[in-house]
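This report refers to the structure that appears directly beneath it.
Remember, it's a predicted structure, so these values are computed and weren't measured experimentally.
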Amino acid sequence: MDGLRLNFRIILCAALLPALPLASAAGSFAQVAQASLPPGTIPAGEEKTAKTRALELGAKLLQRNSPLKPFDIYLVGFHPMKDSPEDQMEAHHYCHQVNEDFAQCILFDDNTEDANLNGIEYIISEKLFAALPEAERKYWHPHNGEILTGQLVAPDIPKAAEKELMKGKMNSYGKTWHVWNTGYEGNPGDKMPLGTPMLGWSFNRDGEAIPELVEKRDKKLKLNTAETRRQRKDLEQFAKPQSGVDDLKGKFARPTKDIPGVIDRKSAGKVD
């Protein structure tokens with residue numbers, strides 16, 4: 001099957017959760033969330049009044065949150081801005097797998113209760129990308145580089161389930177808009193969502209990501225990107241040339257080198 005082939009719940013419940021009860025997985029996630037530092041940007045504005053808090057409590061008890069309930073896949077990765085690649089940020093994705101070929105994600109700057117919502121991402125399969133008009137494709141970044149380098153992760157689920165999830169996302173594409181600069185490496189961020197939304201992209205060569213960005217994420221979430229990369233080496237066989245791999249080639253301040261299996265369609269002689 002192409003693209004986003006996996007039903008996340010089926011993988012966890014049918015294949016692996018007998019070895020890891022759901023309560024245990026939820027507890028593990030809670031520990032990571034509590035251990036995370038609060039976001040560096042606190043929105044402008046006064047503290048909530050007692051009236052506002054009372055209204056929130058009433059809404060929580062009486063209103064529905066149905067559209068948000070399916071957003072149960074948690075991914076963490078990184079986005080450089082396509083028009084300014086050295087502006088790079090950690091992105092916490094909370095995603096809903098709508099069908100086998102389409103997912104939609106809400107983006108935050110952390111995984112804590114006071115994290116800031118700063119963007120959205122849509123994820124589509126190779127099949128849906130192939131049906132896009134040529135003019136539209138420039139907005140969609142490829143995912144193979146993020147997956148094969150171990151930069152894109154699904155924390156707190158068994159490694160076998162995470163690997164299957166990533167296998168299902170091989171050759172997929174994402175369209176990401178960041179609507180609020182809440183801070184990133186070397187930038188303190190804005191107190192409010194200001195300016196024009198920025199198109200996020202993906203890292204497609206070693207050296208493109210600021211090293212401290214990955215190191216800080218790994219330390220905070222107790223991850224090992226290098227080890228994850230080694231464990232995903234066999235996913236390289238599923239990688240196909242993708243559009244957009246070379247869009248940021250040569251636009252970073254550091255030396256870069258190719259990632260095995262991450263190839264631009266034009267370099268591979270593919271004609272869309």
For [Y], is there any backbone N or O sitting under 3.5 Å from a side-chain donor or acceptor partner on [X]?
X	Y	answer
R229	Q151	no
W180	M192	yes
T149	G145	yes
T256	G207	no
N171	E126	no
E208	N204	yes
T41	P188	yes
Q242	S172	yes
K82	K138	yes

I'd like to know if [Y] and [X] are part of one continuous hydrophobic network [Ile/Leu/Val/Met/Phe/Trp/Tyr, side-chain heavy atoms within less than 4.5 Å].
X	Y	value
I42	Y184	no
F102	W140	yes
V245	I259	yes
V179	Y139	no
L128	I120	yes

Indicate yes or no: does [X] engage [Y] in a salt bridge with an N to O separation below 4.0 Å.
X	Y	answer
K167	E162	no
E86	R254	yes
K266	D247	no
D246	R265	no
D101	K127	yes

Testing the basics here: between [X] and [Y], what is the closest heavy-atom pair and its distance to 0.1 Å?
X	Y	result
S202	P142	OG-O, 2.8 Å
P260	L148	O-CD1, 3.7 Å
G244	W201	O-NE1, 3.3 Å
A130	R137	O-NH2, 2.9 Å
D264	S243	OD2-C, 4.3 Å
L165	A154	CD2-CB, 3.8 Å

Can you tell me how far the [atom1] atom of [X] sits from the [atom2] atom of [Y], to the nearest 0.5 Å?
X	Y	atom1	atom2	value
K222	D156	NZ	CG	10.0 Å
E227	K159	CD	NZ	8.5 Å
T228	K163	OG1	NZ	10.5 Å
L75	L152	CG	CG	5.5 Å

- prompt: With under 30° as parallel and over 60° as perpendicular, where do the rings of F129 and Y173 fit, or are they tilted in between?
  reply: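 Taking Y173 first and then F129, their aromatic rings lie parallel (interplane angle under 30°).
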
- request: May I ask you to decide if the ring planes of H92 and Y74 are parallel, tilted or perpendicular, using 30° and 60° as cut-offs?
  value: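 The rings of H92 and Y74 lie parallel, inter-plane angle below 30°.
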
message: Checking N116 against F108 for the side-chain contact (heavy atoms from CB on, under 4.5 Å) test, could you report, in this order, the C-alpha distance in whole Å, the side-chain angles of both residues, the deciding distance, and whether it holds?
response: CA-CA 5 Å; N116 297 304; F108 292 85; 5.9 Å; no

message: My understanding is that only one of K219, K216, K220 makes a salt bridge (Lys or Arg N to Asp or Glu O under 4.0 Å) with E90; could you say which?
response: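 Going through K219, K216, K220 one by one, the salt bridge (Lys or Arg N to Asp or Glu O under 4.0 Å) with E90 is satisfied by K220 alone.
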
message: Please evaluate residues R232 and M166 with respect to the criterion side-chain contact (heavy atoms from CB on, under 4.5 Å), reporting the C-alpha separation (whole Å), side-chain torsions for both, the decisive distance (0.1 Å), and the verdict.
response: CA-CA 9 Å; R232 295 181 186 174; M166 294 303 162; 3.6 Å; yes

Do the non-hydrogen side-chain atoms of [X] and [Y] ever get within less than 4.5 Å of each other?
X	Y	result
T182	M89	no
P80	K251	no
L117	I106	yes

message: Does F252 have more than 12 heavy atoms from other residues, nucleotides or ligands lying within 6.0 Å of its CZ?
response: yes

- prompt: Is the CD atom of Q237 crowded by more than 12 outside heavy atoms at less than 6.0 Å?
  reply: yes

Would you say [Y] and [X] are linked by a side-chain donor-acceptor pair, where the criterion is simply a distance under 3.5 Å?
X	Y	value
N224	D218	no
D109	N118	no
D87	N187	no

- prompt: Does the gap between the ring centers of F71 and H96 come in under 6.0 Å?
  reply: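 Judged by ring-centre distance (under 6.0 Å), F71 and H96 do meet the cut-off.
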
message: The test is side-chain contact (heavy atoms from CB on, under 4.5 Å); show your working for L221 and V76 and say whether it passes.
response: CA-CA 10 Å; L221 297 182; V76 185; 4.0 Å; yes

task: Please lay out, stage by stage, how L235 and I147 fare under the test side-chain contact (heavy atoms from CB on, under 4.5 Å).
output: CA-CA 9 Å; L235 295 184; I147 295 170; 4.2 Å; yes

- prompt: Do H93 and E121 pass the side chain to side chain donor-acceptor pair (under 3.5 Å) test, and can you show the C-alpha distance, the side-chain angles, and the key distance before you say yes or no?
  reply: CA-CA 8 Å; H93 308 56; E121 179 168 354; 3.0 Å; yes

message: I'd like to check the side-chain hydrogen bond (donor to acceptor under 3.5 Å, both in side chains) partners of R217; sequence neighbours left out, ordered by chain and number.
response: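 Counting only residues at least two positions away or on another chain, R217 forms a side-chain hydrogen bond (donor to acceptor under 3.5 Å, both in side chains) with T225.
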
Residue among K175, Q97, H143, Q104 satisfying side chain to side chain contact (heavy atoms under 4.5 Å, CB included) with I123: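 Of all the options given, the one that passes is H143.
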
